[in-house]
Novice: 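Submitted below is the structure of interest, expressed as structure tokens.
Start at 1 and go down the list; that is how both ligands and their atoms are numbered. If you're wondering where the values come from, they're calculated on a predicted model, not measured in any experiment.
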Amino acid sequence: MAEDIRKSVAADSPLGAWSLPEELVMLRDSVRRFMADVVRPLEATLPHDCPGPPPEQLATLQAKARVLGLWALQTPSAFGGAGLGVLGQVVVAEEAAKCRMGAFFPACGAFGGNPPSVLFAATPAQYEKWGRPIVEGRATRAFNAISEATGGSDPARAIRCRAILDGDAYVINGAKMWTTHAGTADYGIVYARTGEAGQKGGISCFVVETASPGLTRKPIGVLTSYSPFELHFDNVRVPVENRIGGEGQGFALADSFLVQTRITYAAGCIGLAQMALEHAIDWANQRETFGVRLADRQAIQWMIADSEIELRAARLLTYQAAWNADLGRDVKVDASIAKVYAAEQAFKIVDRCMQVLGGLGVAHEMPLERWFRELRVKRLGEGASEVQKMIIARSILSRRAG
Ligand SMILES: Cc1cc2nc3c(=O)[nH]c(=O)nc-3n(C[C@H](O)[C@H](O)[C@H](O)COP(=O)(O)OP(=O)(O)OC[C@H]3O[C@@H](n4cnc5c(N)ncnc54)[C@H](O)[C@@H]3O)c2cc1C
């Protein structure tokens with residue numbers, strides 16, 4: 001028994017103690033090599049704060065990723081993708097975040113080929129029209145427009161954007177806020193109200209082409225290197241066949257896919273924090289002040305130790321959530337725990353590591369200040385930390401009461 005347990009222990013496991021299945025170790029190593037051989041040399045030639053590679057270089061990068069099988073990883077095999085499980089997606093997200101472009105890097109489409117998940121619930125004709133071109137690399141990724149100026153945490157109540165049926169089309173009026181990728185995507189998934197105000201069941205989901213007459217886009221300046229967009233819909237006509245799912249099913253569709261996304265989001269945060277910690281360790285080992293190495297100062301050792309503890313805990317929570325998702329368990333609470341813990345701790349870790357590096361920590365010469373800004377937003381994206389805690393607390397409180 002003890003021998004069985006010892007066999008599953010691997011020193012270099014991202015879990016700290018327990019090893020990943022062999023095929024995921026191979027996948028992780030393949031992503032690691034790709035990042036070292038292709039991505040980091042390319043980004044060294046790009047300006048510090050560029051959101052991602054320019055289109056031509058991105059296309060070359062994607063072609064190389066596809067050759068290695070790093071394509072359409074999240075897309076089920078029935079839809080032409082690699083059908084990677086959630087644990088595999090976590091392994092990839094963590095490794096792919098280990099570059100200056102950070103956790104935004106995989107999201108910018110480098111390991112692309114994944115249509116929006118709601119299209120896996122679309123009709124075969126809809127999937128062929130909107131999903132297949134992305135899997136085959138003939139279209140860019142899509143944007144996802146849920147949040148509005150009236151609020152992103154509680155979209156069921158906050159969505160005011162309205163779609164009214166008029167013959168063979170819906171006419172959409174209103175505005176969306178904070179929509180990532182709306183500057184480059186060919187189309188997006190837009191959630192609009194078709195029913196009563198305030199009702200979850202009153203929201204429907206539509207594919208809207210970016211070039212639709214009446215749709216205008218304006219970038220919103222934020223602290224990250226990329227800009228989300230404000231979208232305005234002025235009598236935008238969307239054919240009935242662009243509605244995904246039944247009328248009023250939009251919210252339920254979004255909810256079913258958002259949970260899983262939080263787990264890979266957490267993994268991206270962990271990748272960034274791991275890189276920051278490695279920079280801090282290297283610096284502490286070489287920098288001397290008052291005749292003593294920083295590494296020999298207890299104040300610095302504690303910063304390194306706290307970061308390692310938090311990183312391991314975040315990784316375990318994230319891998320456990322992924323593991324449970326792959327077993328088909330309900331991971332709503334696990335995903336929220338992983339997301340809130342990883343995003344909050346990663347932010348703290350990067351902040352601490354910047355402190356270890358002194359002035360260099362905040363300089364553009366180093367990637368840490370960019371990760372710091374990116375992680376600040378990660379505490380809000382995919383459901384803010386307070387909202388994740390609300391989900392966790394509601395579940396625990398109701399279970400206990402029940
Ligand atoms: C860079 C960036 C990119 C984004 N990309 C997208 C995108 O692609 N698509 C999209 O649809 N949205 C996107 N968003 C929007 C994002 O999802 C929202 O900002 C987020 O959900 C919070 O919504 P809000 O900004 O309206 O804040 P609010 O919902 O108004 O919340 C404000 C504050 O109150 C807290 N709060 C809310 N409810 C509670 C509660 N019950 N208890 C305690 N505290 C609470 C929140 O945690 C937050 O701190 C993006 C945002 C940013 C900044």
Novice: For ligand 1 and Thr180, I'd like to know whether there is a polar contact (N/O to N/O, distance under 3.5 Å).
Specialist: yes
Novice: Measure from atom 5 (N) of ligand 1 to the protein's non-hydrogen atoms and state whether any distance is below 4.0 Å.
Specialist: yes
Novice: Does the protein place any heavy atom closer than 4.0 Å to atom 26 (O) of ligand 1?
Specialist: yes
Novice: If you measure every N/O of Asn144 against every N/O of ligand 1, is any gap under 3.5 Å?
Specialist: yes
Novice: Looking at atom 33 (C) of ligand 1, tell me if a protein heavy atom falls under 4.0 Å from it.
Specialist: no
Novice: How about Leu311 and Gln274: do any of their side-chain heavy atoms sit closer than 4.5 Å?
Specialist: yes
Novice: Counting heavy atoms only, which of Ala145, Ser147, Gly151 is nearest atom 17 (O) of ligand 1?
Specialist: Ser147
Novice: Phe79 and Tyr127: aromatic ring centres closer than 6.0 Å?
Specialist: yes
Novice: Which residue, Ile172, Asn173, Ile146, Ile203, forms the side chain to side chain contact (heavy atoms under 4.5 Å, CB included) with Cys161?
Specialist: Ile172
Novice: Give the C-alpha distance, both sets of side-chain angles, the deciding distance and a yes or no for side chain to side chain contact (heavy atoms under 4.5 Å, CB included) between Ile134 and Asn114.
Specialist: CA-CA 6 Å; Ile134 291 187; Asn114 295 297; 5.6 Å; no
Novice: Test your reading of the structure: does Gly381 have an N or O sitting under 3.5 Å from an N or O of ligand 1?
Specialist: no
Novice: When only distance counts, is Thr224 in polar contact with ligand 1, meaning an N/O pair under 3.5 Å?
Specialist: no
Novice: List the steps, then state whether side chain to side chain contact (heavy atoms under 4.5 Å, CB included) holds for Tyr170 with Asn242.
Specialist: CA-CA 9 Å; Tyr170 284 90; Asn242 285 28; over 6 Å; no
Novice: Look at atom 9 (N) of ligand 1 and say whether a protein heavy atom is found at less than 4.0 angstrom from it.
Specialist: yes
Novice: Can you check side chain to side chain donor-acceptor pair (under 3.5 Å) on Thr210 and Asp186, steps first, answer last?
Specialist: CA-CA 6 Å; Thr210 316; Asp186 299 327; over 6 Å; no
Novice: With respect to Ile146, determine whether any N or O atom, backbone or side chain, lies less than 3.5 Å from an N or O atom of ligand 1.
Specialist: yes
Novice: Can you find an N/O atom of Glu382 closer than 3.5 Å to an N/O atom of ligand 1?
Specialist: no
Novice: Any protein heavy atom under 4.0 Å from atom 20 (C) of ligand 1?
Specialist: yes
Novice: Taking atom types as modelled, find out whether Tyr319 and Glu94 have a side-chain donor-acceptor pair closer than 3.5 angstrom.
Specialist: yes
Novice: Any side-chain heavy atom of Thr216 sitting closer than 4.5 Å to one from Phe233?
Specialist: no
Novice: Within the structure, is a non-hydrogen atom of Tyr191 found at a distance of less than 4.0 Å from ligand 1?
Specialist: no
Novice: What residue and heavy atom of the protein are closest to atom 28 (P) of ligand 1, and at what distance?
Specialist: Ser153 OG, 3.6 Å
Novice: Using 30° and 60° as the class limits, which term best fits the ring planes of His48 and His364: parallel, tilted or perpendicular?
Specialist: parallel
Novice: If you take the nearest heavy atom of each of Lys389, Glu386, His181, which one is closest to atom 46 (C) of ligand 1?
Specialist: Glu386
Novice: Looking at Lys348 and Glu344, is any side-chain nitrogen of the basic one under 4.0 Å from a carboxylate oxygen of the acidic one?
Specialist: no
